[in-house]
Amino acid sequence: MKIRSRLSFQFTLIVASILILFSGSVYFFSATYRKQEFYKRLTDKALTTGRLFIEVDEVDSVLLKIIDKNTVNILPQEEVFIFDGHDKEVYRSRDIVREKPTPEELHEIRQKGEYRFKQGNFEKEGIVYHARDKAYLVVASATDVYGLSKLRNLRFILVIGFIFSAVLTLLGGWIFSGQALRPISQVIKQVESITGFNLNKRVNEGNRRDEIAQLAITFNQMLNRIQEAFETQKSFVSNASHELRTPLTVITGQIEVTLLNKRDAAEYERILGSILEDIRDLNKLTNGLLEIAQADLDIARMQVRNFRVDELLWQARNDVMKRNPDYNVQISVKNLPENEGALSVAGIEPLFKTALTNLMDNGCKFSPDKQVKVIFDSTGDEVLLQFEDRGIGINEADKQRIFEPFYRAENARRIPGQGLGLPLTRRIVSMHHGTFHISSEIEKGTVISLSFPANHQG
Ligand code: ADP
């Protein structure tokens with residue numbers, strides 16, 4: 001069921017329950033009041049008739065009947081009986097009796113002093129009247145034609161009022177919920193119109209204060225992120241194709257020029273060596289691209305497990321120094337808690353190692369002394385790593401840009417590289433819920449600090 005229908009029905013249900021409760025109470029109290037009032041009138045009638053018949057000597061049953069018949073406030077279908085101390089009838093107000101009180105009823109009246117009973121619409125009030133040392137019984141009965149008709153009328157008004165109000169509430173609820181939900185419908189319509197081709201479109205943020213505006217704002221923020229990722233992806237693909245095409249063009253050119261003339265063996269050897277160099281660069285580039293693509297696949301495919309960062313650091317150092325014998329990676333450990341959990345991180349070990357080797361490589365590569373110092377620290381809750389070099393440094397503007405794929409700072413261009421290591425490293429760090437911070441000074445050196453939440457469960 002749509003929210004609009006649900007809201008209207010729930011609203012109607014609440015109002016209808018309140019109305020039923022209200023109408024029920026009104027009807028109940030009116031009926032009780034009518035009954036009490038009518039019985040009081042019957043009691044008055046019984047008392048008056050009793051007093052006239054028993055205590056006023058001048059009034060006998062013939063006269064009393066005449067008086068009874070001619071009183072202004074005679075009740076509809078009124079009947080009054082008087083019984084003496086032996087339950088013998090001594091007076092009746094009408095000759096045609098609808099229903100005479102039964103001996104059981106008379107007994108009940110004597111027992112209780114006063115007794116009320118009902119037969120259909122016919123209501124009876126019986127009292128004991130003490131006079132002249134005798135206990136008379138006076139029973140007055142009548143039908144409350146006006147009271148019951150008023151009550152019926154009230155019931156009719158309440159039922160019609162209830163139906164009318166329920167329908168009105170349903171209608172009102174439907175209109176109001178429609179109005180309240182209209183902004184959501186508008187947001188849905190606007191969102192539906194956004195596709196991959198118009199990602200720059202945004203949802204109307206309305207007054208920027210209410211919940212729906214918050215939803216629109218959150219949605220727009222998500223669109224910003226998607227658009228950013230989309231554009232990064234697009235520029236990555238075009239940069240990658242450009243980077244791949246350049247060495248291929250160089251290689252093709254070299255081969256074409258070589259084939260123009262016959263050359264001696266030494267010349268061919270020199271040219272082949274140069275082509276091999278270019279192919280190796282190309283290979284490195286493709287590997288870098290593959291690693292970036294692989295990182296995403298790995299995170300989905302490989303199992304996350306716990307590994308010790310200090311041990312991985314030594315393995316990465318070995319790899320780097322084996323590949324580049326002139327590099328020097330120094331590891332210093334500040335804190336090494338006994339608890340293994342404080343040294344461990346949960347994640348994908350090979351990827352984490354790639355990040356460490358990249359940072360070690362960069363530290364050595366961009367420093368004239370080919371040295372990098374790695375400081376390992378553990379606070380118990382966090383594993384901290386610092387890569388310090390005394391190299392060429394990175395200026396402020398470049399600090400933001402070096403994470404873009406293929407971006408290389410001006411001062412680094414004379415040193416070989418593809419500009420793919422740092423983007424991949426930062427991605428791996430964020431996959432492991434880590435933080436990445438760079439502080440650097442041109443021609444003085446660079447410090448890259450990483451911190452990861454330690455995984456104690458392992
Ligand atoms: P590459 O090392 O292949 O150039 P990276 O993605 O690893 O690519 O680095 C991107 C850029 O960041 C480098 O070209 C360089 O300008 C800068 N950079 C990275 N590490 C350092 C460092 N330790 N010292 C100075 N510059 C650095």
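Counting convention: from 1, in listed order, for ligands and their atoms alike.
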Please write down residue, atom name and distance for the protein heavy atom closest to atom 23 (N) of ligand 1.
Asp389 OD2, 2.9 Å

Looking at Gly417, which atoms of ligand 1 are within less than 4.0 Å of one of its heavy atoms?
3 (O)

When only distance counts, is Pro423 in polar contact with ligand 1, meaning an N/O pair under 3.5 Å?
no

So Val372 and Val320, side-chain contact (heavy atoms from CB on, under 4.5 Å) or not? Walk me through it.
CA-CA 11 Å; Val372 67; Val320 170; over 6 Å; no

At under 4.0 Å between heavy atoms, what of Asp361 touches ligand 1? The answer is neither

If only atom types and distance count, is the side chain of Asn411 paired as donor or acceptor with the main-chain N or O of Gly393 below 3.5 Å?
yes

Partners meeting side chain to side chain donor-acceptor pair (under 3.5 Å) with Thr354 (sequence neighbours left out):
none

Please list, in number order, the atoms of ligand 1 under 4.0 Å from a heavy atom of Ile392.
25 (C)

Sidechain-backbone polar pair: Gln190 side chain, Asn204 backbone, donor-acceptor under 3.5 Å
yes

Only heavy atoms of Leu420, strictly under 4.0 Å: list the atoms of ligand 1 that pass.
6 (O), 8 (O)

So, does Gly393 sit close enough to ligand 1 that a heavy atom of it is under 4.0 Å from the ligand?
yes

Of the protein's non-hydrogen atoms, which lies at the shortest distance from atom 10 (C) of ligand 1, and what is that distance?
Tyr407 O, 3.6 Å

Ignoring angles and geometry beyond distance, decide whether Gly421 reaches within less than 3.5 Å of ligand 1 through its nitrogen or oxygen atoms.
yes

Side chains of Glu205 and Asn220: is there a donor and an acceptor less than 3.5 Å apart?
yes

Counting heavy atoms only, name the option from Asn411, Val372, Ile402, Asn362 that's nearest to atom 12 (O) of ligand 1.
Ile402

Atoms in ligand 1 flagged as close to Leu422, the criterion being non-hydrogen separation under 4.0 Å:
5 (P), 6 (O), 7 (O), 9 (O), 12 (O), 19 (C)

Are Lys365 and ligand 1 in contact, using a heavy-atom cut-off of under 4.0 Å?
yes

Structural part of Gln418 in contact with ligand 1, heavy atom criterion under 4.0 angstrom
backbone

Using a 4.0 Å cut-off to any heavy atom of Ala409, which atoms of ligand 1 qualify?
14 (O), 16 (O)

With a 4.0 Å cut-off on heavy atoms, does Asn358 reach ligand 1?
no

What protein heavy atom is closest to atom 21 (C) of ligand 1, reported as residue, atom name and distance in Å?
Phe366 CD1, 3.4 Å

Sorted by chain and number, sequence neighbours left out, side chain to side chain donor-acceptor pair (under 3.5 Å) with Asn358 holds for Thr425

Record the part of Ile394 in heavy-atom contact with ligand 1 below 4.0 Å; permitted values are side chain, backbone, both and neither.
side chain

May I have the step-by-step check of side-chain hydrogen bond (donor to acceptor under 3.5 Å, both in side chains) for Asp398 and Tyr407, ending in yes or no?
CA-CA 9 Å; Asp398 285 333; Tyr407 185 80; 2.5 Å; yes

Is the Phe452 to Phe352 ring centre distance short of 6.0 Å?
yes

Under 4.0 Å from a heavy atom of Ala412: which atoms of ligand 1 are those, numbered in the order shown and with their elements?
14 (O), 15 (C), 16 (O)

Atom 4 (O) of ligand 1 [closest protein heavy-atom partner, distance rounded to 0.1 Å]:
Arg408 NE, 2.7 Å

I'd like to know if the side chain of Asn318 reaches the main chain of Gln315, judged simply by a donor and an acceptor atom lying under 3.5 Å from each other, with no hydrogens or angles considered.
no

Checking side-chain contact (heavy atoms from CB on, under 4.5 Å) for the pair Leu312/Arg308: CA distance, chi angles, key distance, verdict?
CA-CA 6 Å; Leu312 215 56; Arg308 276 186 59 165; over 6 Å; no

If you measure from each heavy atom of Pro405 to ligand 1, is any distance below 4.0 Å?
no

Heavy-atom check, side chain of Glu123 versus side chain of Arg116, under 4.5 Å
no

dist Glu311:CD -> Ser344:OG (nearest 0.5 Å) comes out at 8.0 Å

